[in-house]
Amino acid sequence: MAEPIRVVVTGAAGQIAYSLLYSIAKGDVFGKDQPIILILLDIPPMLPVLDGVVMELQDCALPLLREVIPTDKVEVGFKDIDAAILVGSMPRKEGMERKDLLKANVAIFKTQGSALDKYAKKTVKVLVVGNPANTNCLIASKSAPSIPKENFSCLTRLDHNRACSQVAMRCGVSSDNVKNVIIWGNHSSTQYPDVHHAKVNVRGSEMAAYDAIKDEAWLRGDFISTVQQRGAAVIKARKLSSAMSAAKAICDHMRDIWFGTKEGEFLSMGVYAAGNSYGIPEDLIYSFPVQIKNKTWKMVDGLPINDFSRAKMDATAAELVEERDTALDFLSQ
């Protein structure tokens, strides 16, 4: 049996974590023969809830789960960890300005970035889920200068999965018959779900998504807005955010970092934009198509971009630049 790896989940008393922890602990993410030490980090008022989560994990009697450590201290939470899933963030409250939200989250992710820098392994893989995810990820990375920027990513896999599913339903196929959709940009309502490079397998024959769907008006209209607004639609219907699908996307994202992508396929991840071939400002965490091998992602370069896509990609980049500048202003205070 391999040595256990140490995985921290922040916001561990919250509802995304509640859907996520079981999948990690039973081996769906890091492998069926990889023992795990789970560290559950949350704020002090949530410690009694964490105790309940610990009891439930113990009661699952999972052979791979070697230890569960609940804590409200970053020095315990981030010590010698192999993977960090940063779910906890300040949610937007009613009447809250976006800049107030950014300010609160800059403080959280500066603290967590500094703690990663100080206590975590330098090889740690960090996934930021808490919103605004791209900018929170950038702040965490800037606050952890000794950890390579490439080790930080933010979650746009939920948007990617949503886009795959919409295309699959439209074509009457299962979602594993759709590949190479792309989410460009920010995990916000400006993101651009792009199917110009996507392929759909219809009854054994692979074709371009545009040819399979044959409805450009839908692809350029309702498809994009459905993916962009899906989180809000779930909240409206459930009166709670999309925890189950977010947890599944986190598992997909981390598993692909650990085990790599399939030959000829790419996925969407918010990653550091330096050196990109798409004219996106470099000092951003921006969602690109990536391929992963040996726990290292590589941007899929040189895809042809038409004018429609260009405008959408630039618009979401502009929002990220504005968010970054506001956040860095708070960071320097």
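Below, all heavy atoms of this structure are taken into account, side chains as well, without hydrogens, waters or symmetry copies. If you're wondering where the values come from, they're calculated on a predicted model, not measured in any experiment. All residue numbers in this chain count up from 1 along the given sequence.
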Is [X] atom [atom1] crowded by more than 12 heavy atoms from other residues, nucleotides or ligands, each under 6.0 Å away?
X      : atom1 : result
Lys262 : NZ    : no
Lys103 : NZ    : no
Tyr210 : OH    : yes

TODO: May I have all residue pairs that pass side-chain hydrogen bond (donor to acceptor under 3.5 Å, both in side chains) and include part of residues 314-333, sequence neighbours excluded?
DONE: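 Qualifying pairs: Arg98-Glu323, Thr135-Glu323, Asn186-Glu319, Asn186-Glu323, Ser188-Glu319, Thr190-Thr316, Thr190-Glu319, Arg310-Asp314.
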
Any salt bridge between [X] and [Y], counting N to O under 4.0 Å?
X      : Y      : result
Asp117 : Lys142 : no
Arg230 : Asp159 : no
Asp82  : Lys121 : yes
Lys118 : Glu75  : no

Quick one: side-chain contact (heavy atoms from CB on, under 4.5 Å) partners of Ala2, sequence neighbours excluded?
->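 Once residues adjacent in sequence are excluded, the partners of Ala2 under the side-chain contact (heavy atoms from CB on, under 4.5 Å) criterion are Gln34, Pro35.
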
Report the residues that fulfil side-chain contact (heavy atoms from CB on, under 4.5 Å) with Ser205, sequence neighbours left out, ordered by chain and then residue number.
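Here the qualifying residues are Met207.
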
task = Examine the side chains of Asn294 and Thr296 and answer whether a donor and an acceptor come within less than 3.5 Å of each other.
result =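 The answer is no; no qualifying pair exists.
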
Q. Is there a donor-acceptor contact under 3.5 Å linking the side chains of Tyr22 and Asp28?
A.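 No, because no side-chain N or O of Tyr22 sits under 3.5 Å from a partner of the opposite role on Asp28.
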
task = Look at the aromatic rings of Phe223 and Trp218 and report parallel, tilted or perpendicular, splitting at 30° and 60°.
result =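 Ring orientation, 0 to 90° scale: tilted.
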
Self-check item: Centroid-centroid distance, Trp184 to Tyr278, less than 6.0 Å
Solution: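 Yes, the ring centres sit under 6.0 Å apart.
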
Under 6.0 Å from the six-membered ring centre of Phe308 and within 45° of its axis: does the NZ or CZ of Arg220 meet both?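 The answer is yes, since Arg220 meets both limits relative to Phe308.
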
Query raised in the report: salt bridge (charged side-chain N to carboxylate O under 4.0 Å, His left out) between Asp215 and Arg170: does it pass, once the steps are laid out?
Result: CA-CA 10 Å; Asp215 187 346; Arg170 193 78 177 188; 2.8 Å; yes

Practice task
Without swapping roles, check the side chain of Asn136 against the backbone of Asn131 for a donor-acceptor pair under 3.5 Å.
Solution key: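 Confirmed, Asn136 side chain pairs with Asn131 backbone.
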
query: Do any N or O atoms from the side chain of Thr71 and from the backbone of Lys73 form a donor-acceptor pair under 3.5 angstrom?
result: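 Judged by distance alone, yes, a pair lies under 3.5 Å.
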
